[in-house]
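Computation of the quantities below employed the complete heavy-atom set of this structure, encompassing side-chain atoms and omitting hydrogens, waters and symmetry-equivalent molecules. Proteins get letters first, then strands, A, B, ... in listed order; numbering begins at 1 in each.
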Amino acid sequence: MSTTTENKKAPAGERVADWADGRLGIYSLAKANMRKIFPDHWSFMLGEICLYSFIIIILTGVYLTLFFHPSMNEVEYAGPYVPLQGQLMSEAFNSTMHISFEVRGGLLIRQIHHWAALIFVAAMLVHMMRVFFTGAFRKPREVNWLFGFLLLVLGMFTGFTGYSLPDDLLSGTGVRFMQGAVLSVPVVGTYLSMFLFGGEFPGGDFVARFYSVHILLLPGIMMGLLVAHLILVFYHKHTQFAGPGKTNKNVVGMPLLPVYMAKAGGFFFLVFGVIAVVSAIASINPIWAIGPYRPDQVSTGAQPDWYMGFSEGLIRVMPGWEVNAWGHTLVLGVFVPLMIFPLVLAAIAVYPFIESWVTGDKREHHILDRPRNAPTRTAFGVAWLTWYFVLLVGGGNDLWATHFHLSINSITWFVRIAFFVGPIIAFVVTKRICLGLQRRDKDKVLHGRESGIIKRLPHGEFVEVHEPLSQEQLHTLTAHDQYKPLELGPEVDENGVARKVSRSQKLRAKLSKGYYGGDNQIPKPTADEYKEITSGHGHH
Amino acid sequence: MSSQDIPEENLPSEQDAAGHTLVKGADDPFADPGMPPHEHRIQDIDEKAARRSERSVALLFTISMLATIGFIASYVAFPVDKIVYIWPIGHISALNFALGVTLGIALFCIGAGAVHWARTLMSDVEIADERHAISAEPEVKAKVMADFAAGAEESGFGRRKLIRNTMFGAMALVPLSGVILLRDLGPLPEDKLRHTRWSKGKMLVNMNTHEPLRPSDVSVGSLTFVMPEGMTEHDHDFQTEIAKAALMIVRIQPDDIKDKRELEWSHEGIVAYSKICTHVGCPISLYEQQTHHVLCPCHQSTFDLSDGARVIFGPAGHALPQLRIGVNEEGYLEALGDFEEPVGPAFWERG
């Protein structure tokens with residue numbers, strides 16, 4: 001080692017990096033990622049909101065665990081909030097009161113935690129819709145789609161177990177609802193309920209059990225999924241919209257260092273800042289106004305956090321069917337909603353696999369679709385959203401009734417019918433709109449942009465001048481792929497023997513026709529069409 | 001701003017003419033023209049504008065520092081129980097408001113500063129990076145397949161079926177231990193859901209006054225919540241017991257009672273029904289005295305108390321269980337037994 005003088009020359013930062021590289025290999029890692037290119041589009045920020053609100057939830061959640069007592073032992077309230085003094089409540093509720101009224105900043109952190117949770121789940125849903133409507137779930141990203149979907153589902157349950165922890169009257173009613181739903185499960189319902197609650201409802205265990213699920217089990221799984229989700233985003237490289245210079249083989253944008261480091265890092269602070277201000281001015285889950293849980297008490301207008309609203313809708317509009325036979329009860333009125341709940345979620349989760357089966361496309365897709373260019377997919381997505389929002393309306397049927405002076409009976413019937421009809425109408429309407437927009441794009445490519453300039457021709461006719469599009473625009477509007485419908489081929493082979501076509505192939509051909517056949521997509525303009533029109537009659 | 005001192009060659013038009021060449025497809029009017037030329041921002045060509053941006057970013061970071069100091073000051077200055085009126089929000093906690101707003105500003109300004117810095121001063125030249133296929137090259141795949149075959153062969157996994165099968169068996173069985181351990185999460189249901197604290201001779205105690213009730217205490221049109229005598233809110237199992245035993249009594253003119261059994265089980269028109277909804281177990285709390293309907297506020301199941309508490313609206317599947325009542329020698333209302341059917345939500349063994 002004759003390099004002591006040279007070592008002195010290297011700056012301290014470099015020496016630390018050298019040390020780390022010799023042990024962790026950070027230079028190779030940095031070579032691949034430091035200047036990694038990320039494309040720019042506002043909708044790519046939605047996933048970042050999810051990530052940042054998750055981090056905020058973890059940070060504030062750790063703080064809350066320092067003060068929260070996950071115990072259902074009954075104590076008499078002796079804190080500063082006068083209306084509840086002397087009331088019996090669980091230690092869980094009591095410690096939440098302590099956080100809200102006696103710990104300086106405790107209320108703020110509690111509200112940030114709860115607001116961030118609402119935003120987290122909302123951002124995940126919107127982010128998922130962005131991925132859905134732009135077709136970003138296609139190969140090679142199907143697995144990442146599933147990771148994201150699981151994060152949404154786990155996020156919902158983490159939220160549910162979280163807002164149940166204070167053991168207040170509202171959340172306790174929600175837990176009772178869940179217990180009633182568990183009871184409806186045929187054969188094992190009562191066993192599940194007893195095991196879940198350590199005996200009869202509410203017992204003295206569920207807060208402690210929900211606590212470990214809420215702060216350890218579910219967030220632990222989510223953390224793992226989240227890391228995997230992000231590693232895959234880096235590995236696949238981000239998708240991009242079609243445009244000049246953007247191909248399926250490249251990724252155009254700005255480098256992680258410095259632009260995205262600053263933009264994404266800054267965005268974390270923007271999200272955190274906004275949530276902090278919201279928590280400063282908007283109260284959320286004021287448990288002191290709701291009071292501690294008592295199984296024989298309830299308040300009107302009981303609503304879960306928004307992301308559980310669609311399950312609430314399912315249970316509210318389902319007719320109260322009960323089948324009694326051979327000494328047993330099949331509680332269809334509760335069990336059917338309990339089964340549809342996962343089905344609603346699964347419907348959107350499996351869609352990418354159905355589409356890839358129908359298209360049979362095995363290529364990688366890194367260029368995003370504009371929603372209009374995939375009319376059937378877009379229509380399916382809107383139909384699903386319609387389904388979801390119809391159920392949300394059902395979940396708030398009492399609020400709709402009181403706020404808009406409507407009959408709760410008619411709202412219930414509206415939701416029952418719209419549950420089946422709404423998605424179909426939404427599907428048809430959305431598909432029409434997509435096809436209309438495709439036609440408009442075609443017109444724009446072939447005839448140019450309407451300039452708004454009206455010109456009078458020598459013989460008196462008025463025409464509007466259309467400006468031809470730039471080549472950038474022409475390319476962008478015609479860059480999308482269009483599939484041809486799957487052909488089954490002739491029913492008999494060349495020898496006149498009937499070919500065996502499996503039922504699944506027939507279904508696939510039918511679906512493919514529905515996706516790409518006939519009027520289900522507008523053929524994009526061809527170069528020949530364009531040349532004929534532009535060379536032919538002048539200004540058009 | 002003045003553009004007098006901007007060097008001529010920095011202006012966008014100059015750049016455009018110099019650097020940009022189109023890669024037009026010879027024949028295809030829709031061919032990809034390649035990445036558009038970089039458009040300069042004002043900060044790229046005017047050092048004064050760049051310095052203004054620099055000052056804006058620094059200002060935002062400075063505001064953030066001040067806000068953090070404000071946060072610490074608020075933490076020290078405001079008592080935790082101070083309520084102030086802030087228009088248009090209303091009466092709110094001064095400390096919560098001050099801490100939240102200062103923290104929000106401190107965070108937001110860091111974010112805004114960083115984003116403004118990135119947008120105005122960092123290079124905004126778009127760069128294209130190549131993508132590589134996610135799946136491996138055929139040679140890589142062939143190597144992996146060969147390695148795997150060699151490894152599998154060396155382990156004898158395929159050849160020594162006895163080892164393979166017993167290993168699968170052992171691996172399949174060992175998680176059972178974990179499942180077995182879950183058994184003591186709770187007791188078996190047995191007939192726990194069929195019984196409540198009510199039994200013959202237990203007096204009906206007013207939930208609010210904790211006094212036993214006489215028939216004369218119950219007026220027509222009133223709704224009274226009661227619990228069995230001998231229970232107090234300090235019992236360690238009060239919550240679990242009241243979840244089943246909660247009872248409501250109303251008085252209806254005996255002539256208005258349509259259900260024959262209901263009339264039989266009532267006393268002078270006083271009828272007692274379980275307060276726990278038969279849908280998913282919310283307590284029923286809204287009573288409409290003219291129609292004798294009770295409504296569960298959770299999912300709007302509605303029951304007609306003058307007709308055996310049958311369901312007239314909503315998702316509940318069956319009527320509320322009725323408790324048979326009478327009066328004891330001292331003239332207090334008492335139960336004549338437990339509920340004849342399980343209270344609360346239906347379940348498989350209910351029958």
Has R119(B) got more than 12 heavy atoms of other residues, nucleotides or ligands less than 6.0 Å from its CZ?
->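 It does not: R119(B) CZ has 12 such atoms or fewer within range.
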If you draw a 6.0 Å radius around CH2 in W348(B), do more than 12 non-hydrogen atoms from other residues or ligands fall strictly inside?
->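 Result for CH2/W348(B): enclosed.
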[X], part contacting chain B, at a heavy-atom distance under 4.5 Å:
| X | value |
| --- | --- |
| F335(A) | neither |
| V103(A) | backbone |
| S299(A) | backbone |
| Q111(A) | side chain |
| P186(A) | both |
| T526(A) | backbone |
| R141(A) | side chain |
| F101(A) | backbone |
| V251(A) | both |
| Q473(A) | neither |
| V187(A) | both |
| I112(A) | side chain |

Aromatic contact, H299(B) with F177(A) (centres under 6.0 Å) =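 Between F177(A) and H299(B), which both carry aromatic rings, the centre distance is below 6.0 Å.
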Identify the residue among F267(A), F269(A), F272(A) that makes a side-chain contact (heavy atoms from CB on, under 4.5 Å) with Y52(A).
->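 Single pass found, and it is F267(A).
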Would you check, one step at a time, whether the test salt bridge (charged side-chain N to carboxylate O under 4.0 Å, His left out) holds for K36(A) with D129(B)?
-> CA-CA 8 Å; K36(A) 200 172 188 72; D129(B) 217 358; over 6 Å; no
Regarding K263(A) and the six-membered ring of Y260(A), is the cationic atom NZ or CZ under 6.0 Å from the ring centre and inside 45° of its axis?
->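 The answer is yes, since K263(A) meets both limits relative to Y260(A).
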Heavy-atom proximity to chain A below 4.5 Å, by part of S123(B) |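 For S123(B), the backbone is the part near chain A, not the side chain.
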Between F238(B) and chain A, which part of the residue has a heavy atom less than 4.5 Å away: side chain, backbone, both or neither?
->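 Only the side chain of F238(B) comes within 4.5 Å of chain A.
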Out of E74(A), R209(A), M261(A), which one racks up the most heavy-atom pairs below 4.5 Å with chain B?
->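 Maximum pair count with chain B is reached by R209(A).
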